[in-house]
Structures are given as C-alpha cells and as structure tokens.
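Along the sequence shown, residues are numbered consecutively beginning with 1. All values derive from a computational prediction rather than experimental measurement.
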Amino acid sequence: MRKGYWIATFVFFILTTLGAFYHELWADEIIPWQIAKSSSSLWNLYEHYQYEGHTFIWYAMVWGVHHTVGSLIYMQLTHILLASSAIIIFLKYVPFSTTEKLLYIFGYFMFYEYAVISRPYILGVLSVFAISVFLQKSNASIKYLYYASISIFALANTSLYGIVLSFAYVPVICIRIWKNMGIKEGILLPFVMFLGITLAFYQVLPPADGGFVNSEWRFYFDGNLFVDVADQIFTAYIPIPDFTELSSWNSNFFITCFHNDYYKYSVAIFSIFMVLAVGYYLKPNKEALFIYLVATLGILSFAYLKYKGTLRHHGYLYIILVACIWQYKSSSAFPKAPKTIKDKLLKASFSIVLLCHFLAGAYSYIKDLLLPFDLTESMVAYINKESLDSMPMITDNVSYAGFLDKPVYFAEKMEFANHYTLNNKRADVNNNEHLFLSLINEVVQQSDSNVLLAWSRRLSFADVSMGIKELAFKKGCIRTPIPFVLYEVDRDKFLANHNENKNRARAYLSSAKKYSKKGETDKAISMLEKAISLDHEIDSINYEIGTYYLNKSQIDKAVFFLKQELLNNGTHEDAHFNLAIAYLQSGQYVFAVNELKELVILNGAHEDAHNLLAIIYAKTNSTIQYNEQLETIDSLKLTISNELRNIINATQ
C-alpha cells in the first residue's frame, strides 16, 4: 500500500479517536456494556443479550473488553480499530481514484456513524470489504473463494442487515464455486455460507416475550409507507443533516426542511430513479448488478414489511452501492475511461454523492466535538459532583445503568436491574400518573434515604409539597430534543403525602359503595374516579370502575381500567374475564382470546372462560381451535352455556 494511504489511515485513526473521546455515549452504545457488566461468563452474556435483536459477536467483544481492561474508552478504541482495518482494506484494494478514496473514508458513514459511534455495524462493513477483495482476486486463485465463503459466514453474523446482504452474495459465490470447482467438489462452501446464515437467524429471532421490533409484519400496501421507505435511498446516498436544528442526528435537510406531500413523492421518485441509474451503470457486470439489486431491494423490503429503521440502518444501502461499484470497476467489463456522455454523467454523479458524504461527515464530526451528543453523562457528572450517587434511582433512560456502578429502577420494567431488557414487559408510566406515583412509592418504601428520579420530561405532578423537588434540567443535544430532568424525592414527605391520599381515597370508595347500593351508578363512578385519582391500587378499585364502565358500554374506559387492575394484580380472574368481554364487544377477538387463555392458565376449570373461547372460535370460523375447545370442555366435564349449546346445535 502506498505511503500516502498509510498516512490517511493514521489521520483517520487519530481523528476518530479524538472524536470518540469527546463523543457522549447514548443508549444503544451503552446497553452492550451494561449487559457485559452484568454477565459473569459468555454463556451468561448469551442469556442476557437474547432480547437485543442483534447477533452475538459485538456483545462478546464488548464482554471481552470489559473483563480484561474494564474501561468504556477501550470499547470505543476497539471499534475504531475495526473501522481503521476496514479503511486499510479499502485504500489498498478499491479501484477508485485517490480523491474518491479520501472522500469516501472521511464520509458520513465511514468516518462518523460507523467509527465515532460504537455500534456493531462496522463489522458488517469490514466483512463486505473483505468479500469485495476476495471476489476481485478469485479469478486468479480458487483459494479466494474459500475466503469469500468464510467472509459470508462472518457477514451474516454481524447484524440482521448482514443477513440480508449475505443473501445477495451467496448465489454469485455459489456460481463461481461451481464453475471453477464443480458442484460435487464445491458443495462444502455453500454449506458453510448457509450455516452462517442459519446461525445468524437463530441469534436474531427474539424469545417468545421479546419486545424488540414487536410490530406486525405488513403484508399489505400502504402508499405513505412505500414513499417513506423509498426516501431511504435518498437519505443514504445524500445524508446531509438538517443543520438548522441542534438535534440533527438521523435527520436529512432535504427531507425535513421541504417536507410536504408533493416534495415527499418527488424525493421517492428521484430515489427510484437513482436505483435505476445505478442499475444501468452496473449493467455490463451481471454479478455486481445482481448483488446491488437484491441487497437494495432486500433492505427496503425489510424496512417496509417490518422495521423502517433509521439512518444508521439505511447506511447499508450506501455500503452496498460502493461495494458493487468496486466490483464492477475491478472487473474486465469496466471500460478504462468513460466513453459516452452517460458514463461521464454517472461518474460525475458518484463524485457528487461522495462529496455530500464528506461534507456530512465533517459537519457531524465537528458538531459532535463542540456540542453534547447525549446528556446522560452530563447528568451523571452532576450526580457525582453533588454526592447524590448513593441514592436509589428511578428512570426512563436506559443509559444511566451503564455509567452508575449500581442497579437502577427501570420504571417501565417496574424493577431494579443492572441492564435494560428489551422484552415485552412494559408499563406505560408516562400516560398513567397514578401508576407512576405508586412505583415511586414502592421504591421509596424500600429505601432508607431520599430517591433520585431521572426523567425525560418535566412531570406535571412534581411539587415540593408532595416531596418531589427538581434538581437539574438540561436540554439541547445532538441526539434528541427531549429534555433530561433530575428530581429528588424526599422520602418522609412523600410517604406522609401518600398515606394522606390513601385515607382520602378510602373515604371516596366508601361513598361509592353507598351510591352503588342505592342504584345511583353515575354518582358511584364519580366517587370512584376521585378515589382513583388519589390511590389507584386501593381495594381493586380499577376493577370496580372498569366493570362499571363495561356495564355502561363505555368500552375504551373499561379496557383502560381493567388493564390497570391487571398491572396491579395479574391473578385477578374476574378482571381477565371482564377485559375479554370488553375486547369481544369492540371486535378485538385476538385480544379477547389472549385474555381468556391467561385466565385458563390461572384457573384451568374456569367454565365461563372455556365456553367463551369456544364461542369466539365459532364466530371467527376457527374450526380446528373450536373443535379442540369442545374436546377440552368435554374432558373437563364442564357445563356448556346456553349460547354455546345453540351454536353446537346450529352446526350439527
């Protein structure tokens, strides 16, 4: 490699190290560190990480760093070394001009998003570059096909997007293997590649209670979503941040500043045009064209069907673009000099794309040096400075546990933990003030000191009179416009206020029961609402008011309060049953079935639950489940309800 390229790599390493030193880590960077801290062995690490939606390798590397040197800066340094290795490969082997190489390595993704910010995506970039080199050299020696196959194994195991890219490369490498080695002799290498993809799939599949990307698959046409996904081509190729805003990360100036329906559709059409233009450019090299189209459509299809992602995910569209141009330029099909106006225009367009990436990378890097990327570290510094670190902490920010050497109370998980777990156990505390206050009360009662409350907004109910005092308010970072607020909960004052509210709530509840006996339902509900505003856990009050609303056919309110009751007491059988009735009345059959199944788990002989399950299966034409439910009712010797009996008679 030329001396100038070694100098460029050294400059890259020094600048990204400096950038990492000034870069404040955010949640997705710190969570692997949290999990590593909580794991005593690699197997223990594997058990903890399964909810993350990523492959294992980056977490294993972070675990190794933590258990050898134990410092976050070394995790960042490891990431920069991986990025620098990718740069060395790129500079040495890519058939670009020196200007194009320098613009690329100091561009937005390679210089900032995949170097300064420590995430596993750099492993995918490194694997793609290795594959590009081995494909480039495989015409000279068959051994490089072995290396390419191993690199595909590695690529698949870097991330979910690595799996998508692997599918694009596998057919090309298989054809080369069978052409050069024959099908029988070359059978081992496709096996290695598919083994890598299978292992990767196993790693990214979430557990049954996984909460990462928990949306449904979208097997239907949505015009707005289609346009949003198409726009990802533009944001990946032209990643100019919205420099009019402080919180510019993941933004695009051309999308946010000119955002209206006409402009949005224009960007989508232009994005499709760019893909077609690249396809035309790569047309002489069928392999590069195939990889580009399959990988691009694969990433966009996943974005449409399951998870739109953000700019760091869209970056793989740009990585595969450059890799395919690399493959085309290193092949015999590439003309040594542009011959037509179209060729020259496409070459100029690629130079403009590289320049945009360079400008975006320089802007993002300098901005990160001068301004905070995230405010968590700043808040932790304040906590340490004011000697507040010994207090228990309640938070909705998953980052704090990575910087504090103690468990924190994750509010939506309703538990103390050393790391945040991405399962589906989540309480909506931000939209339920009563639940929030009960969680604070739970932590305060367990503590013998005051409690810190670190939150992502100012709390409307926070008041010194109830024992909650604001200590610090910070706003304004690159990552998000959301504020960071720190409160101190005075233990004695809060408990006294909470106990007073309980007594007042009991008085309202007593009044509600008196009105209920007189048949004055509206007055009873009014008393219950006053009671629940003071204490939402008292004497199954959520169940009582939820059932009142169910009887009045106010289904939305009934569902809300019955769900709150089950948050407080998940074994309340009548709450499960009434919630199922509420879902059934609103036509939400799937949710009704889920509640009834929960009830059957609690009480396997619950006649009403089994009868209602059979009725729902009959109404939804779920023949297999209906027949199985009838067999269950028969085996348990349960009494069949009149409604179910009528359905049985009608089907005979």
Side-chain angles (χ1 to χ4, degrees), residues 86 89-97 100-101 104 107 109-110 124-141 144-145 147-149 151-152 155-156 161-180 189-190 193 233 236-237 271-301 314-340 342-351 353-354 357:
I89 294 172
F90 184 85
L91 290 175
K92 183 173 182 180
Y93 292 105
V94 72
F96 292 177
S97 69
E100 289 173 333
K101 289 180 179 182
Y104 180 79
F109 289 108
M110 285 307 304
V125 177
L126 186 58
S127 299
V128 167
F129 287 179
I131 293 166
S132 298
V133 172
F134 298 140
L135 285 176
Q136 186 176 336
K137 289 177 168 291
S138 63
N139 291 327
S141 175
Y144 290 106
L145 292 175
Y147 302 154
S149 301
S151 299
I152 289 292
L155 173 61
Y161 294 92
I163 297 174
V164 175
L165 298 190
S166 297
F167 275 112
Y169 277 107
V170 164
V172 170
I173 295 176
C174 283
I175 290 172
R176 286 202 184 190
I177 289 169
W178 292 332
K179 277 185 177 181
N180 288 276
L189 298 185
M193 291 186 285
I233 295 288
Y237 291 0
S271 296
I272 295 170
F273 171 77
M274 285 194 288
V275 173
L276 294 175
V278 174
Y280 172 81
Y281 176 73
L282 297 175
K283 186 174 66 173
N285 187 302
K286 299 299 187 290
E287 288 183 344
L289 176 62
F290 177 85
I291 293 168
Y292 173 74
L293 292 178
V294 172
T296 301
L297 294 177
I299 293 171
L300 295 177
S301 296
H314 310 162
Y316 273 77
L317 293 166
Y318 178 64
I319 296 301
I320 202 65
L321 165 70
V322 172
C324 290
I325 293 175
W326 176 347
Q327 185 172 346
Y328 173 41
K329 284 193 169 186
S330 62
S331 70
S332 58
F334 180 70
K336 298 308 175 185
K339 294 181 178 179
T340 66
K342 289 181 180 179
D343 289 336
K344 293 179 179 179
L345 182 61
L346 288 167
K347 177 179 173 59
S349 299
F350 183 55
S351 297
V353 167
L354 290 173
H357 276 260

Worked check of side-chain contact (heavy atoms from CB on, under 4.5 Å) between F350 and L346: CA-CA 6 Å; F350 183 55; L346 288 167; over 6 Å; no
Test log, rule side-chain contact (heavy atoms from CB on, under 4.5 Å), inputs K92 and K101: CA-CA 10 Å; K92 183 173 182 180; K101 289 180 179 182; over 6 Å; no
Pair F290-Y169, side-chain contact (heavy atoms from CB on, under 4.5 Å): steps then yes or no: CA-CA 9 Å; F290 177 85; Y169 277 107; over 6 Å; no
Step-by-step side-chain contact (heavy atoms from CB on, under 4.5 Å) determination, V294 to L165: CA-CA 8 Å; V294 172; L165 298 190; over 6 Å; no
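Distance alone, capped at 3.5 Å, places no donor-acceptor pair between the R176 side chain and the P171 backbone. Looking only at distances, a side-chain donor or acceptor of S331 sits under 3.5 Å from a matching main-chain atom of Y328. Between the side chain of K137 and the backbone N or O of Y144, no donor-acceptor pair lies under 3.5 Å.
Side chains of V278 and Y292 form a contact here, defined as non-hydrogen atoms less than 4.5 Å apart. Side-chain atoms of I177 and S149, non-hydrogen and from C-beta on, do get closer than 4.5 Å to each other. Taking the side chain as every heavy atom from C-beta outward, P190 and V170 never approach each other to under 4.5 Å. Between Y104 and V94 there is no side-chain heavy-atom pair separated by less than 4.5 Å. Residues Y147 and V133 form no side-chain contact, since every pair of their non-hydrogen atoms from C-beta on lies 4.5 Å or further apart.
Of all the heavy atoms in L282 and A288, the pair that sits closest is CD1-O, 3.9 Å. Shortest non-hydrogen contact noted between A148 and F134 is N-CD1, 3.7 Å. V164 and G298 get closest at one heavy-atom pair: CG1-C, 3.6 Å. Between S138 and L145, the closest heavy-atom pair is CB-CD2, 3.7 Å.
Here the two rings, on F129 and Y93, have centers that are 6.0 Å apart or farther. Ring centers of F109 and H357: under 6.0 Å apart, within the cut-off.
For the residue pair Q327/Q136, the side-chain donor-acceptor check at 3.5 Å is not satisfied.
To the nearest 0.5 Å, the span separating CG on L321 from CE on M274 amounts to 9.5 Å. Note that CG of L135 is 10.0 Å distant from CH2 of W326, once rounded to the nearest 0.5 Å. Note that the CD1 atom of I233 and the OG1 atom of T296 stand 5.5 Å from one another [nearest 0.5 Å]. L300 CG to H314 NE2: the interatomic distance, rounded to the nearest 0.5 Å, is 9.0 Å. With rounding to the nearest 0.5 angstrom, the SG atom of C324 is 11.5 Å from the CD1 atom of I319. Distance check, rounded to the nearest 0.5 Å: CD1 of I291 to CD1 of I320 gives 6.5 Å.
Under the 30°/60° scheme for interplanar angles, the aromatic rings of F96 and F90 are found to stand perpendicular.
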